[in-house]
Amino acid sequence: MTQLFGLADCNNFYASCEQVFQPQLRGKPTVVLSNNDGCVIARSAEAKALGVPFGIPHFKIRNIPGFQKIQVRSANFTLYGDMSSRVMATISSHVPSIEIYSIDECFIDYNGVAHALDNAKRLCETVYKWTGISICIGLGPTKTLAKLANQKAKKITSKVVDLSNIDTCQAALAETEIGDVWGIGRRWAARLQMQGIHTAQDFARMDRRLVRNMMGVVGLRTADELNGTSCLNLEQLTPNKQSLCISRSFEKTIRAHAELEKRIHYFTNRVAEKLRRSGLVTSAISIFVQGNLFRKELPQYSNNVTISLGGPTSDTGEIVKVALYGLVKIYQPNIPYKKAGVILLDLHRVGTAPPHLFTQPNPRRETLMRTIDQLNHKFGSKTISYGQIPQSRTW
DNA sequence: TCTGGGGTCCTAGGACCC
DNA sequence: TCTGGGGTCCTAGGACCC
């Protein structure tokens, strides 16, 4: 049975959020920067028109002609998360069901919806009216084709494209570069192009065995989906998280162990909070450190270590202890470090983790963690933390 | 001078089992 | 001339996504 998927995607999401809340930015080239104001992670339509590339470092913006007009904002992820919830709720209330795919995208189940195209157009208008965010919707018999339809929709004023029709679909495939296909990244695009595969249509027409041999089942799935065979279903249930990570680049390079230790301390406090907020426990932790990949003339070093926690826990104290031990194991002196991070692995919902033979849950510690979280929630995240994180933290 | 952060899945190969 | 067959589990690395 032929299915019908929709893919709704917010246009220039972070930049649009800024423009909604700061009306003076509307119509002006606006960009949003990553953490530490490192590089551009979102651009308004006007900024794209000026030629601001995605990912460009902040300091290179001034090389762009007309850069004086560009409005630059630091990212506000709390705001974007909140706006995302509003957009998703609006969409969800107008269609049978959705799968939230990322902060600014969702797949829509359009099966059995009469006049899906008109329906989608009205939905775009409603979302704009209710939230101020402009979205586009692509329709197709598979998720991959709905994604492709969405890219086409971004380029037209009606904001909706339907690729259910076979001729329309073939035309779209023929004019889509291979690297623009969902699931084909930079590496595969380069390799495929060397083999004479330049468009989505070239790829869809490749011999299936060849695709399977070269790219495995993932590539094969993409090829089948381009040919209209649906391999990816709408996922209604949000899957359990497998890992949680906090990592940052440093504003300047760091050499001293003590200085790195403060960062690891801080990251571990944050990621453990995230863990408890998600109702999860962890049994393994991974620490990584990295030099400056952009400065080839400096000594290059990066390393990571994964350590078992000896049983499921969400206790910041326990996790911090192991994290710092991990840092000792991978730290090398006299390296200019530029980035580090903490990843929690082997996650389970509280109460569902296989218990450890030798450790018992400690109710007093659990109360302590709950109290710390409540205080930080009530009085701000810097109120109380585990270990030596300077109160006057500048980073 | 200055270059993000947070995720997922698949595969190949090694260790180990009977 | 000649070295079994069939599994599982784990990990590192490579690819991808937003």
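The analysis underlying the following values was restricted to heavy atoms, covering all of them including side chains, and did not include hydrogens, waters or symmetry mates. Each chain gets a letter, A, B and so on, in the order its sequence line appears, and its residues count up from 1.
- In this structure, A/Lys147 pairs ionically with A/Glu105, as a charged nitrogen and a carboxylate oxygen lie closer than 4.0 Å.
- Put simply, CZ on A/Phe250 is 15 Å from C1' on B/dT3, counting in whole angstrom units.
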Open item on the list: Please evaluate residues A/Arg86 and A/Asp82 with respect to the criterion salt bridge (Lys or Arg N to Asp or Glu O under 4.0 Å), reporting the C-alpha separation (whole Å), side-chain torsions for both, the decisive distance (0.1 Å), and the verdict.
Closed with: CA-CA 7 Å; A/Arg86 291 194 215 179; A/Asp82 191 65; 3.3 Å; yes
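- Scanning residues 34-52 of chain A for heavy-atom distances under 4.0 Å to DNA chain C yields an empty list.
- Side-chain atoms of A/Asn227 and A/Thr229 include no donor-acceptor pair closer than 3.5 Å.
- A/Arg295 places its CZ atom 9 Å from the P atom of B/dT3, with the value rounded to the nearest Å.
- Of all nucleotides listed (B/dT1, B/dG7, B/dG4), B/dG4 comes nearest to the side chain of A/Ser249.
- B/dC2 atom C1' lies 9 Å from atom NE2 of A/His58, rounded to whole Å.
- For A/Ile61 and B/dG4, the CD1 to C1' distance is 14 Å, given to the nearest whole Å.
- No donor-acceptor distance shorter than 3.5 angstrom exists from the side chain of A/Ser278 to the backbone of A/Leu280, with no hydrogens or angles considered.
- Taking atom NZ of residue A/Lys274 and atom C1' of nucleotide B/dG7, one finds them 9 Å apart after rounding to whole Å.
- Here the C1' atom of nucleotide B/dC2 and the CG atom of A/Leu33 are 12 Å apart, to the nearest Å.
- Both A/Leu260 and A/Ile307 belong to a common hydrophobic cluster when Ile, Leu, Val, Met, Phe, Trp and Tyr are linked at side-chain heavy-atom distances under 4.5 angstrom.
- The minimum heavy-atom distance linking A/Ala75 with A/Leu33 is given by the pair CB-O, 3.1 Å.
- Straight-line distance from the CG atom of A/Asn240 to the C1' atom of B/dG7: 15 Å, rounded to whole Å.
- Under the 3.5 Å distance criterion, with hydrogens and angles disregarded, a donor-acceptor pair is assigned to the side chains of A/Gln236 and A/Ser97.
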Task: Contact letters for nucleotides 9-18 of chain C, in which S counts primed atoms plus P, OP1 and OP2 and B counts the base, heavy atoms under 4.0 Å - done: ------SSSS
Task: Check against ring-ring contact (aromatic ring centres under 6.0 Å, His included), A/Phe5 and A/Trp182 - done: CA-CA 15 Å; A/Phe5 293 93; A/Trp182 187 47; over 10 Å; no
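- Residue A/Arg270 contributes atom CZ, which lies 16 Å from atom C1' of B/dG5 at whole-angstrom precision.
- A/Arg221 and A/Thr144 share no side-chain donor-acceptor pair at under 3.5 Å.
- The neighbour count for A/Tyr325 OH, taken as heavy atoms of other residues, nucleotides or ligands under 6.0 Å away, does not exceed 12.
- Counting only Watson-Crick and G-U wobble pairs whose two distances sit under 3.5 Å, DNA chain C takes part in these stems of three or more pairs: B:5-18 with C:5-18.
- Heavy atoms of A/Leu293 sit nowhere under 4.0 angstrom from any nucleic acid atom.
- Rounded to the nearest 0.5 Å, atoms OG1 (A/Thr176) and CG (A/Leu148) are 4.0 Å apart.
- Nearest-nucleotide positions on DNA chain B for A/Cys245 and A/Val217 put A/Cys245 closer to the 5' end.
- DNA chain B is contacted by both A/Val218 and A/Tyr14; A/Tyr14 maps to the nucleotide lying nearer its 5′ end (nearest heavy atom per residue).
- Shown here are the side-chain hydrogen bond (donor to acceptor under 3.5 Å, both in side chains) partners of A/Ser286, two or more places apart in sequence or in another chain: A/Thr306.
- In the model, A/Thr199 has no side-chain atom that pairs as donor or acceptor with a side-chain atom of A/Gln201 under 3.5 Å.
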Could you list the donor-acceptor pairs under 3.5 angstrom formed by side chains in residues 8-21 of chain A, with sequence neighbours left out?
unit_1, atom_1, unit_2, atom_2, d
A/Asp9, OD1, A/Lys154, NZ, 3.1
A/Asn11, OD1, A/Lys154, NZ, 2.7
A/Asn11, ND2, A/Ser134, O, 3.4
A/Asn11, ND2, A/Ser134, OG, 2.7
A/Asn12, OD1, A/Lys48, NZ, 2.6
A/Ser16, OG, A/Asn11, O, 2.6
A/Ser16, OG, A/Asn12, O, 3.1
A/Glu18, OE1, A/Gln22, NE2, 3.1
A/Glu18, OE2, A/Tyr80, OH, 2.6
A/Gln19, NE2, A/Leu25, O, 3.2
A/Gln19, NE2, A/Lys28, O, 3.3
A/Gln19, NE2, A/Thr30, OG1, 3.4

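- Contacts with DNA chain B (heavy atom under 4.0 Å) in residues 327-340 of chain A: A/Lys338, A/Lys339, listed by number.
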